[in-house]
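Numbers for residues simply follow the sequence, beginning at 1. Start at 1 and go down the list; that is how both ligands and their atoms are numbered. Quick caveat, the model's predicted, so the values are computed rather than measured.
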Amino acid sequence: MFKVDQIKFEGKGSRNPLAFKHYNPSEVVGNKTMEEHLRFSMAYWHTLTGEGSDPFGAGTMQRSWDSYTDPMDIAKARVEAAFELMVKLNIPFFCFHDADIAPQGSSLREFQKNLDTITAIMKDYMKDTGKKLLWGTANNFSNPRYVHGAATTCNADVYAIAAAQVKKAMDITKELGGENYVFWGGREGYETLLNTDMKLELDNLAGFMHMAVDYAKKIGFEGQFLIEPKPKEPTKHQYDFDTATVIGFLKTYDLDKYFKMNIETNHATLAGHTLQHELHLARINGLLGSVDANQGDMLLGWDTDQFPTDLYTTTMAMYEILKNGGLHKGGLNFDAKVRRGSFEPEDLFYAHIAGMDAFAKGLKVAHRLLEDKVFENFTAQRYSSFNSGIGKKIIDGEVDFESLSQYALSLDGIRNESGRQEMLEGILNDYMID
Ligand code: XUL
Ligand code: CO
């Protein structure tokens with residue numbers, strides 16, 4: 001389906017845009033191969049179903065499967081293309097929403113029948129190619145019935161249909177051996193409090209999640225549940241605003257032992273955070289699950305979902321991931337779309353190669369930074385006042401306001417030390433250029 005041949009690793013000196021310069025799957029970095037560290041995944045929705053339309057114009061993408069007219073023929077051709085892409089690009093995993101892989105037809109029943117047909121076809125391709133499902137999810141936001149939300153809708157019938165969709169998406173994720181199941185709260189948010197019962201909506205959302213956990217136990221689905229935070233778009237106030245907000249939600253509703261976080265770069269930046277901030281916060285709470293690898297545009301205020309090519313971001317992301325002991329069941333999923341102007345099939349290759357090389361380079365730099373304990377040693381020294389004396393007593397919980405006050409009054413002035421930010425940024429540059 002694609003005129004491009006198998007993409008190979010040619011190494012640093014290569015100028016061939018259809019070759020990897022850094023991603024060498026079998027190369028060992030630290031204790032694992034690059035393939036094991038990075039666990040790349042292709043996003044079905046952008047790469048196979050994305051048309052390149054925007055609010056001002058129709059789709060532009062040139063895709064061979066668009067030559068079919070029957071929606072099931074299109075869906076089948078997409079499966080063939082998906083596996084050809086994954087094989088040629090050496091991408092071991094993929095992710096999908098139910099609605100990406102099969103047409104919804106005219107009823108829920110027809111949709112489920114179509115899903116079964118495509119799932120069976122996919123299963124054969126997976127067996128033949130060894131490709132794996134990183135995660136599945138349900139698209140509970142595109143269909144007009146979700147106008148007021150899915151698990152946070154004001155309409156109980158819609159809530160039931162949303163549950164039916166998630167149940168089926170979990171069934172097919174299990175059938176395909178999916179390693180995770182994702183909840184991105186597409187329309188789980190609100191526009192105005194003038195018509196919204198926020199407490200009821202959040203309680204219902206939590207109830208929905210608990211039912212998913214119960215159903216997983218019932219069918220023996222052992223994948224990891226993930227929540228993907230996003231602060232806005234499509235609704236003005238998304239309930240899963242960012243990692244901190246989701247942690248609060250999970251703890252409030254006793255869900256924290258069942259869920260981890262799927263962190264997306266462009267969602268982090270929309271929330272006013274860096275990707276590293278979100279990964280770090282999830283990591284220190286034991287909740288770093290997976291990554292939707294993309295990037296936004298510094299000058300635009302919406303989710304542009306561009307392919308991740310910013311080396312600072314990929315380096316510091318890999319730094320957090322290495323400190324997490326890896327992604328475990330998670331992966332680096334390219335939730336990214338080629339620009340509307342990049343409409344030729346070859347652009348899908350250039351885009352994935354650029355993203356994969358950016359993360360491979362980031363992995364190598366992050367590994368060296370950690371090996372040399374560059375920031376760790378500096379940071380440990382920065383907090384060394386907590387290793388002895390009053391600092392150690394604070395850490396050990398041996399103080400109260402009275403003893404601290406007594407100690408403070410005995411001090412003869414204090415001495416702070418420089419944080420050396422610019423020096424550290426310079427060192428980071430040296431490691432990246434090397
Ligand atoms: C939307 C988004 C989704 C989720 C899966 O911004 O990121 O595609 O990743 O529903
Ligand atoms: Co995403």
Side-chain angles (χ1 to χ4, degrees), residues 39-51 53-55 93-101 104 133-143 146 149-152 162 165-166 168-170 172-173 178-189 205 208-209 212 223-243 245-246 259-271 273 275 278-279 282 288-297 300-308 313 317 327 330-338 351 355:
R39 295 170 62 83
F40 287 129
S41 161
M42 188 190 68
Y44 216 90
W45 52 103
H46 289 309
T47 293
L48 281 311
T49 66
E51 296 167 346
S53 58
D54 70 12
F93 293 95
F94 65 109
C95 299
F96 62 73
H97 303 83
D98 51 359
D100 305 333
I101 62 168
Q104 300 197 47
L133 180 63
L134 186 68
W135 49 260
T137 188
N139 177 332
N140 280 9
F141 42 90
S142 295
N143 194 298
Y146 297 122
T152 61
Q165 243 187 283
V166 170
K168 183 70 184 174
M170 285 174 62
I172 59 175
T173 299
E179 301 198 16
N180 305 269
Y181 185 89
V182 164
F183 285 91
W184 168 58
R187 295 199 185 268
E188 316 298 22
L205 180 60
F208 197 92
M209 302 296 191
Q224 174 66 52
F225 280 117
L226 301 168
I227 291 193
E228 182 176 323
K230 185 175 184 181
K232 53 190 154 199
E233 200 200 5
T235 73
K236 182 175 171 185
H237 305 273
Q238 294 280 130
Y239 287 132
D240 300 330
F241 189 94
D242 61 0
T243 299
T245 311
V246 172
F259 283 80
K260 286 189 176 177
M261 229 60 78
N262 182 36
I263 310 283
E264 178 163 328
T265 322
N266 207 165
H267 297 179
T269 50
L270 284 175
H273 304 306
L275 172 63
E278 289 289 84
L279 294 174
L288 173 49
S290 198
V291 178
D292 267 10
N294 62 14
Q295 69 187 31
D297 186 302
L300 302 175
W302 62 91
D303 199 14
T304 59
D305 281 344
Q306 292 166 226
F307 272 83
T313 306
L327 284 164
L332 295 173
N333 172 48
F334 291 112
D335 188 353
K337 58 187 172 203
V338 288

Polar proximity ligand 1 side, D305 side, N/O cut 3.5 Å exclusive:
no
Please tell me whether N294 and D335 have a donor and an acceptor in their side chains that are separated by less than 3.5 angstrom.
no
Could you list which atoms of ligand 1 come closer than 4.0 Å to a heavy atom of D292?
9 (O)
What is the name of the N/O/S atom of D335 that is nearest to the Co ion (ligand 2)?
OD2
For the Co ion (ligand 2), find the closest N/O/S atom on D292 and give its atom name.
OD2
Does R187 offer a backbone N or O that forms a donor-acceptor pair with the side chain of T235 under 3.5 Å?
no
Which atom, counting only N, O or S, brings E264 closest to the Co ion (ligand 2)?
OE1
N/O/S from D305 sitting under 2.8 Å away from the Co ion (ligand 2)
no
Compute the centroid of each ring, for F141 and then for Y146, and state whether the two points are separated by less than 6.0 Å.
no
Given H46, E228, K230, identify the one with the heavy atom nearest to atom 4 (C) of ligand 1.
E228
Identified side-chain hydrogen bond (donor to acceptor under 3.5 Å, both in side chains) partner of D305 from the options H46, H267, Q295
H46
Does the side chain of N333 pick up a donor-acceptor pair with the side chain of D292 at under 3.5 Å?
yes
Side chain, backbone, both or neither: which applies to V182 and ligand 1 if a contact is any heavy-atom pair less than 4.0 Å apart?
neither
Pair T152-E188, side-chain donor/acceptor within less than 3.5 Å:
yes
Judged by atom type as modelled, is there a donor-acceptor pair below 3.5 Å linking the side chain of N262 to the main-chain atoms of G289?
no
To the nearest 0.5 Å, what is the distance between CD on Q238 and CD on E233?
8.5 Å
Only heavy atoms of H97, strictly under 4.0 Å: list the atoms of ligand 1 that pass.
5 (C), 8 (O), 10 (O)
Closest approach to the Co ion (ligand 2) by E228, given as the N, O or S atom name
OE2
Taking E278 as the fixed residue, which of T269, T265, T243 is the one that meets the side-chain hydrogen bond (donor to acceptor under 3.5 Å, both in side chains) rule?
T243
W45 neighbourhood, listing ligand 1 atoms whose heavy-atom distance to it stays under 4.0 Å:
8 (O), 9 (O)
Is H267 near ligand 1, meaning one of its heavy atoms is under 4.0 Å from it?
yes
Contacting atoms of ligand 1, where contact means under 4.0 angstrom from a heavy atom of D303:
6 (O)
Numbering as shown, the atoms of ligand 1 that approach D335 to under 4.0 Å (heavy-atom distance):
2 (C), 3 (C), 4 (C), 7 (O), 8 (O), 9 (O)
Relative to the ring of W45, is the ring of H97 parallel (under 30°), tilted (30 to 60°) or perpendicular (over 60°)?
perpendicular
Where does N262 meet ligand 1, judged by heavy-atom distances below 4.0 Å: at the side chain, the backbone, both, or neither?
neither
